[in-house]
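Have a look at the structure below before the remarks.
Just so it is clear: chains get the letters A, B, ... in the order the sequence lines come, proteins before strands, and each one is counted from 1.
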2 protein chains.
Amino acid sequence: MDRRTEILEAAAKSFSLFGYKATTMDQVAKIANVGKGTIYTFFANKEELFNAIVVGMIEEMRTEAEAAAIEGATFEENAHARLMSILKFRTTHQLYAKLIDEGKEIRTPAVQEVLVDIEKQIVKFIAEKIQKGINRGEVKPCNVEMVAYLLFKSYMALVVDWGKTHHQELDQTEIIDLLSSTIFKSLLI
Amino acid sequence: MDRRTEILEAAAKSFSLFGYKATTMDQVAKIANVGKGTIYTFFANKEELFNAIVVGMIEEMRTEAEAAAIEGATFEENAHARLMSILKFRTTHQLYAKLIDEGKEIRTPAVQEVLVDIEKQIVKFIAEKIQKGINRGEVKPCNVEMVAYLLFKSYMALVVDWGKTHHQELDQTEIIDLLSSTIFKSLLI
DNA sequence: CAAATGACTATAATTGAATTACAGTCATTT
DNA sequence: AAATGACTGTAATTCAATTATAGTCATTTG
């Protein structure tokens, strides 16, 4: 394995385990078995190394979301499957979970910026799928960006936020029923 | 004016101006022209005084939201008017705005708890209106609590959150159109 | 004598000086 | 030419000393 990859793997491991702030460049160098200076021949600074790791994670998330879709299923079924896959990734993936925690608790600016960017990418991903649906004639023309945003926020609200204040999570079926009869209903042709 | 009211007015003024943490009981006593001990004959501690102020504010917000509704207008029109009134209150009302800021920036626990409670009251208020709509036969029977929650979160997302990341706020008309064709459409009979 | 008061106390928050940790560099080594 | 790690300036952390403040209660007041 080349040095760049060794460094990336070491950084991913450390960021996942300790978060952004608590990861030191010395530690990454040690895990990667390279001198600290070597890291700086590949990445301008800590934040760029971090961004590279996050880009990789977003790709992973995208791949998983794509894999959640089923050939031949309806737009709604696949939209739901992909969104649930993303929300699962959000809490399951060690690095993502760590970053959410660090962003909230320690409020590391670099982490908060990255979290905003990840959400933007997710909404962009959803928007792409809606646009494809429109092109295929499965979805009505609409303000794609806005609908993607509303869809993501609605899933976040019902799947993630509800549990925080209600101490009894919503039933999957109830969520599907509600979103199916509201957003999806008006979205589909 | 009786001492209790003097204290409440002084506290409201101070909390609005400086927030919860930066308001001292000595200051409230001074503004109210009473001895500090007097405050404790009416309120067990700082937090109870604060809660009393917040209860008053919630009543104010409720009154304004009720006033935003128009006799004879449709359920949707009034729901929209009331929700927009609440969101306006959220940023316009000096105390509410201050608390949102303090909850985010200083993360005073008492303030964060109160903010959660206020949101719960708002959702409860919306739920009551939906229930009334059902009783009147204007709204389809549904999981009232869940729909109220989704409605509030959707308004928050499109009216408040969107602007934070997009630096170009959404048009009022676009928001109404989208929510009208999705949540409201499936909600109304 | 019942209500009001503010000096008082115990605890929490803040400050600032001293210490430590760390990102990034660069002269040296491989 | 690429890799390295000792080195440096700056930022973060500690911790002791100081200050601020919530809440009390013995005294005062009307």
Side-chain angles (χ1 to χ4, degrees), chain A residues 1-54 98-99 101-114, chain B residues 1-54 98-99 101-114:
Chain A
M1 202 173 5
D2 67 344
R3 300 183 115 74
R4 201 189 128 89
T5 311
E6 305 250 40
I7 292 165
L8 279 170
E9 286 202 357
K13 212 173 283 178
S14 187
F15 286 136
S16 297
L17 230 47
F18 309 115
Y20 177 75
K21 190 157 178 263
T23 288
T24 69
M25 295 302 262
D26 280 294
Q27 197 176 52
V28 173
K30 201 166 193 178
I31 299 173
N33 271 311
V34 298
K36 182 157 67 149
T38 308
I39 300 175
Y40 288 90
T41 65
F42 296 107
F43 305 94
N45 51 46
K46 189 181 175 184
E47 206 165 337
E48 278 218 1
L49 174 60
F50 180 53
N51 288 336
I53 299 298
V54 170
K98 194 89 201 170
L99 294 183
D101 184 66
E102 188 173 350
K104 210 193 307 258
E105 296 307 324
I106 315 183
R107 296 194 290 181
T108 321
V111 171
Q112 290 182 324
E113 281 162 30
V114 139
Chain B
M1 204 175 0
D2 67 344
R3 300 184 114 75
R4 201 189 128 91
T5 311
E6 305 249 42
I7 291 165
L8 279 170
E9 287 202 355
K13 213 173 281 179
S14 186
F15 287 136
S16 297
L17 230 48
F18 310 114
Y20 177 75
K21 192 160 177 262
T23 288
T24 69
M25 295 302 261
D26 279 295
Q27 198 175 55
V28 173
K30 202 165 194 178
I31 298 173
N33 272 311
V34 297
K36 182 158 66 147
T38 309
I39 300 176
Y40 288 89
T41 65
F42 296 107
F43 304 95
N45 50 47
K46 189 181 175 184
E47 206 165 336
E48 278 218 0
L49 175 60
F50 180 53
N51 288 337
I53 299 298
V54 170
K98 194 90 201 168
L99 295 182
D101 184 67
E102 186 173 350
K104 210 192 308 259
E105 297 307 322
I106 316 183
R107 295 194 290 182
T108 321
V111 171
Q112 290 182 325
E113 280 161 31
V114 139

I need the minimum non-hydrogen distance between A/K98 and A/L17, along with the two atoms involved.
NZ-O, 3.4 Å
Side-chain (B/R3) to main-chain (B/A32) donor-acceptor, under 3.5 angstrom
no
For A/S16 and A/A12, which heavy atoms make the closest approach, and how far apart are they?
OG-O, 2.7 Å
Nearest-0.5 Å distance, CD of residue A/E113 to CD of residue A/E47:
6.0 Å
Interatomic distance, A/D26 CG vs D/dT4 P [rounded to whole Å]
13 Å
Distance in angstrom units between B/I106 CD1 and C/dT14 C1', rounded
14 Å
Under 4.5 Å between any side-chain heavy atoms of B/L99 and B/F50, yes or no?
yes
Is the Lys NZ or Arg CZ of A/K46 less than 6.0 Å from the centre of A/Y20's six-membered ring, within 45° of the axis?
yes
Ordered by number, residues from residues 12-25 of chain B within less than 4.0 Å of DNA chain D (heavy atoms) are B/T23, B/T24, B/M25
Give a yes/no on whether any side-chain N or O of B/R3 is located under 4.0 angstrom from OP1 or OP2 of C/dA4.
yes
Does any N or O in the side chain of A/T23 come within less than 3.5 Å of the main-chain N or O of A/S14, such that one atom is a donor and the other an acceptor?
yes
When you look for runs of 3 or more Watson-Crick or G-U pairs in a row, both distances below 3.5 Å, which of them include DNA chain C?
C:1-30 with D:1-30
How long is the line joining NZ of B/K30 and P of C/dT5, in whole Å?
15 Å
Just verifying a value: how many Å separate A/L8 CG and A/F43 CZ, rounded to the nearest 0.5 Å?
4.0 Å
Mind checking the CD-NZ spacing from B/E105 to B/K21? Nearest 0.5 Å is all I need.
13.0 Å
Could you tell me whether the phosphate oxygens of C/dA3, OP1 or OP2, come under 4.0 Å of any side-chain nitrogen or oxygen in B/R4?
no
Does any residue of residues 31-54 of chain A have a heavy atom under 4.0 Å from DNA chain C, and if so, which ones, in number order?
A/K36, A/Y40, A/N45, A/K46
Just verifying a value: how many Å separate B/D2 CG and B/R4 CZ, rounded to the nearest 0.5 Å?
8.0 Å
Looking only at non-hydrogen atoms, find the nearest pair between B/I39 and B/I7 and report the distance.
CA-CD1, 3.9 Å
